[in-house]
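Order of appearance sets the numbers: ligands from 1, and atoms from 1 within every ligand.
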Amino acid sequence: MKRLKQITIVLVLSGFIFTQNPYAQNNIVKTKSENSEIVLPPLPYAENELEPYISAQTVMLHYGKHLKGYIDNVNRLVKEISNLEGKDLEIIVKQSEGSLYNNAAQAWNHIFYFDAFSPHAQHLPSGNLEKQINKQWGNFENFKTAFTNTANNLFGSGWVWLIKNKNGTLDIIGESNAGNVLKGNGKPLLGIDIWEHAYYLDYQNRRAEHIDGLWNIIDWSIVDRRYNE
Ligand SMILES: [Fe+2]
């Protein structure tokens with residue numbers, strides 16, 4: 001993929017370091033430092049590059065404060081209340097409960113979420129994923145409507161997921177709070193954050209407007225790859 005070939009460029013803006021994302025292959029298990037702590041992976045774009053759909057301020061807070069906070073909590077809690085220290089984040093999500101699960105799932109969800117966006121997004125699925133979407137929903141517009149309706153109708157905070165089942169079929173799933181689908185049988189392909197912190201600065205209570213904007217920055221080349229992996 002084009003951005004994977006780009007040389008790592010470091011920009012120091014607002015106290016954060018942005019690089020081309022070495023984890024852009026969605027290899028979230030690599031989010032560990034040499035001392036086995038989970039680390040905040042770099043964003044695959046600058047904080048202002050998702051504008052006007054998500055503002056730089058929202059990205060700065062959402063990524064630099066919320067996601068970092070979840071990761072810090074995982075690193076603290078995994079030592080205090082579990083025997084999972086040193087495990088991959090995905091394993092911690094699958095094997096934890098309570099406060100550790102909530103923070104680990106939120107960390108995983110947010111890394112996965114930020115990795116699906118691009119200022120140069122491919123706006124439509126292709127190949128096998130396109131065929132499966134057309135098979136189940138008739139066309140991409142119908143799929144978008146179904147996904148959007150699930151997002152807009154989710155009560156309170158949570159996530160909307162597109163998952164691939166073991167037989168290759170797709171499902172749209174709404175989950176409350178930190179709800180992560182890794183404990184189920186499906187493979188996550190796309191996760192959209194429905195917590196108000198994801199959009200309130202930019203859209204206030206207009207969640208539907210925020211969801212509409214996201215279709216401009218969801219990079220379907222990434223979702224395609226996740227489907228085919
Ligand atoms: Fe969030």
Charged N to carboxylate O below 4.0 Å: is that the case for Lys164 and Glu229?
-> no
To the nearest 10 degrees, calculate the angle at the Fe ion (ligand 1) involving NE2 of His110 and NE2 of His62.
-> 90°
Does the Asn142 side chain pair with the main chain of Trp137, one donor and one acceptor, at a distance under 3.5 Å?
-> yes
Do the ring centers of Phe114 and His62 come within less than 6.0 Å of each other?
-> yes
Tell me, please, if His66 has any N/O/S atom, main chain or side chain, under 2.8 Å from the Fe ion (ligand 1)?
-> no
Ile133, Leu124, Leu189 screened by side-chain contact (heavy atoms from CB on, under 4.5 Å) with Trp220, the one that passes = Ile133
Proximal heteroatom of Asp193 relative to the Fe ion (ligand 1) (N/O/S) = OD2
